[in-house]
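Predicted model only: the values in this text are computed from it and were never measured.
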Amino acid sequence: MSKQVTNMEVKKNNRNRIFRYIRERGTVSNPDISYDLKISLPTVTQNTKELMERGLVKEIGERKSTGGRRAKALTVAEDFRFAAGIDITRNHVSMMIINLTGEILKYERMQLPYRAEDDYYREVNRKLEQFLDGCIADKDRILGVGISFPGIVDLQKQEITYSHALDVRALPFAKVSSFFPFPCSFFNDANAGAYAEGIQGKSPESFFYLSLSNTVGGAVFHRDELMQGGNFRCGEVGHMTIVPDGSRCYCGKNGCLDAYCSAKLLSDAAEGKLEHFFSSLNQGDERYAGIWDKYTDCLALAVNNIHMVLDCDIVLGGYVGSYVEPYLSGIRRKVADRNTFEESGFFVKACSYRLGAAALGAALNVIEEFISLV
């Protein structure tokens, strides 16, 4: 029995490795897979045959000849299954649909102030149904919905235990799920953004994701996994103190990083529009330049502290991270000036995903859960 189980595990592991290889490479052949994964060609051929029979992989012609018989070209059947992602914030809801390869098919951000009421979730589901109409013909192909919240998402208790931003405590996953016709999974917003960067972005295998949105959060990504912490609060740097007895944070404490690096500090200076702040900053507006200088002073302080503790790359994400790349050299200089060991600050990077990173990460988690069972 033990030997039989072991053989089944080996077969499943090979099939999963082969499917992931095809998904990552786009178009491949059986000999490609065999050579790169060091799996015998007959084993590869048998596995790809099974994947095609299940509808997960398809043939799309032949590869170029290398002197012998042309090999069949294989690729993932990207529309075999889909996943939706929802990012809930205090004033908005973002929605995204992706296919099996993680390609974004549609994204939309809409204004919808949060209310801790059943009618709110009914409205979110109604908007999701409208969002999916005309995009996905067969909704039975939707694997599930990943939902991102700004707060502590406790996977053991199966609840949103704490969200200052939404004024929510002990919100059960099951209560939220009951309003949607699809299986639901739940993510902290910064974790979801980090997951998108780590699974599908260009970030290294280990990094800290600093989410600079209307609330500040963070996440540690290491070797294809998020570090959750004992209480699912790993990475919550928005509430670390950077100025003792400093400015008041929305959490009620003083001197939190959130009080100095929230995206709202920039958008509030520009009539509530972050894009206006950065367009004016780019045009040389002196008032905005002064605000940005103070903002990046605090940001550099926080980034340096995080790097000193974790010794890994820092990816700037969230709303501000979406605009930060043209100003990255200045931020790196400020960070390097504070750092005892680094002279360049090149460990500070801009995020790969500038629109809907949290919704994307939540949706990608649904896809990854499915792939792990292939």
Problem - Near-ring test F208/H222, centroid separation under 6.0 angstrom - result: no
Problem - Ring center gap for Y114 and Y120 short of 6.0 angstrom - result: yes
Is it true that, when you exclude [X] itself, more than 12 heavy atoms of the residues, nucleotides or ligands shown sit nearer than 6.0 Å to its [atom1]?
| X | atom1 | result |
| --- | --- | --- |
| K294 | NZ | no |
| K127 | NZ | yes |
| E343 | CD | no |
| D167 | CG | no |

When rounded to the nearest 0.5 angstrom, what is the spacing between [atom1] in [X] and [atom2] in [Y]?
| X | Y | atom1 | atom2 | result |
| --- | --- | --- | --- | --- |
| I306 | C312 | CD1 | SG | 9.0 Å |
| S34 | I39 | OG | CD1 | 7.5 Å |
| I88 | L166 | CD1 | CG | 7.5 Å |
| R90 | H164 | CZ | NE2 | 11.0 Å |
| F277 | S267 | CZ | OG | 9.5 Å |
| E108 | L355 | CD | CG | 12.5 Å |

Could you check if a side-chain atom of [X] sits within less than 4.5 angstrom of a side-chain atom of [Y], using non-hydrogen atoms only?
| X | Y | value |
| --- | --- | --- |
| Y323 | L281 | no |
| D119 | E123 | no |
| L226 | F187 | yes |
| M240 | I242 | yes |
| Y195 | L364 | yes |
| F278 | P326 | no |
| I199 | F221 | yes |
| L212 | Y319 | no |

Handout entry: ring-ring contact (aromatic ring centres under 6.0 Å, His included) assessment of Y250 paired with H239
Key = CA-CA 10 Å; Y250 72 88; H239 300 293; 5.4 Å; yes
Practice task
Assess the side chains of E78 and T101: does a donor N or O sit below 3.5 Å from an acceptor N or O?
Solution key: no
Practice task
State, without any angle test, whether N30 and T48 hold a side-chain donor-acceptor pair at a distance under 3.5 Å.
Solution key: yes
Check: [Y] main-chain N/O paired with [X] side-chain donor or acceptor under 3.5 Å:
| X | Y | result |
| --- | --- | --- |
| N191 | A219 | no |
| S262 | N214 | yes |
| R17 | L37 | yes |
| D154 | E159 | no |
| K58 | T75 | no |
| S29 | A71 | no |
| T89 | H92 | yes |
| Y295 | C261 | yes |
| N99 | E103 | yes |
| R23 | L100 | yes |

For residues [X] and [Y], report the shortest heavy-atom separation together with the two atoms involved.
| X | Y | value |
| --- | --- | --- |
| G238 | C256 | O-CB, 3.4 Å |
| I291 | A269 | CD1-CB, 3.6 Å |
| C184 | S177 | CB-OG, 3.4 Å |
| G55 | A77 | O-CB, 3.2 Å |
| M52 | L74 | SD-CD2, 4.1 Å |
| V315 | E197 | CG1-OE1, 4.1 Å |

Problem - salt bridge (charged side-chain N to carboxylate O under 4.0 Å, His left out) evaluation trace for R25 with D32 - result: CA-CA 10 Å; R25 299 302 177 93; D32 294 333; over 6 Å; no
Would a hydrophobic clustering, with Ile, Leu, Val, Met, Phe, Trp and Tyr connected at side-chain separations under 4.5 Å, put [X] with [Y]?
| X | Y | value |
| --- | --- | --- |
| Y209 | V303 | no |
| V176 | F232 | yes |
| Y260 | L316 | yes |
| V320 | L210 | yes |
| V153 | V237 | no |

Exercise for the section: In plain terms, say whether R115 and E117 are close enough for a salt bridge, that is, a side-chain N and a carboxylate O under 4.0 Å apart. Expected result: yes
Handout entry: Salt bridge present between R20 and E24 (N-O < 4.0 angstrom)
Key = no
Handout entry: Ring-face cation of K349 near F207 (centre distance under 6.0 Å, axis angle within 45°)
Key = no
Practice task
Enumerate the residue pairs fulfilling salt bridge (charged side-chain N to carboxylate O under 4.0 Å, His left out) with a member in residues 236-260, sequence neighbours excluded, ordered by first and then second residue.
Solution key: none
Practice task
For the pair E129 and R126, evaluate salt bridge (charged side-chain N to carboxylate O under 4.0 Å, His left out) and give the outcome as yes or no after the intermediate values.
Solution key: CA-CA 5 Å; E129 294 283 356; R126 188 183 68 80; over 6 Å; no
Practice task
Determine, step by step, whether N14 and N47 satisfy the side-chain hydrogen bond (donor to acceptor under 3.5 Å, both in side chains) criterion, reporting the C-alpha distance in whole Å, the side-chain angles of both residues, the deciding distance to 0.1 Å, and the verdict.
Solution key: CA-CA 8 Å; N14 282 337; N47 275 278; over 6 Å; no
Exercise for the section: Assess whether side-chain contact (heavy atoms from CB on, under 4.5 Å) is satisfied between Y162 and V168, documenting all intermediate values. Expected result: CA-CA 6 Å; Y162 203 55; V168 163; over 6 Å; no
Problem - Evaluation steps, side-chain hydrogen bond (donor to acceptor under 3.5 Å, both in side chains), between D87 and S94 - result: CA-CA 5 Å; D87 179 34; S94 297; 4.6 Å; no
Practice task
Test R332 against E342 for salt bridge (charged side-chain N to carboxylate O under 4.0 Å, His left out), laying out the working first.
Solution key: CA-CA 10 Å; R332 285 171 171 166; E342 305 275 357; over 6 Å; no
Practice task
Please test D293 against K334 for salt bridge (charged side-chain N to carboxylate O under 4.0 Å, His left out), starting from the C-alpha separation and ending with a verdict.
Solution key: CA-CA 10 Å; D293 188 47; K334 289 188 176 186; 2.6 Å; yes
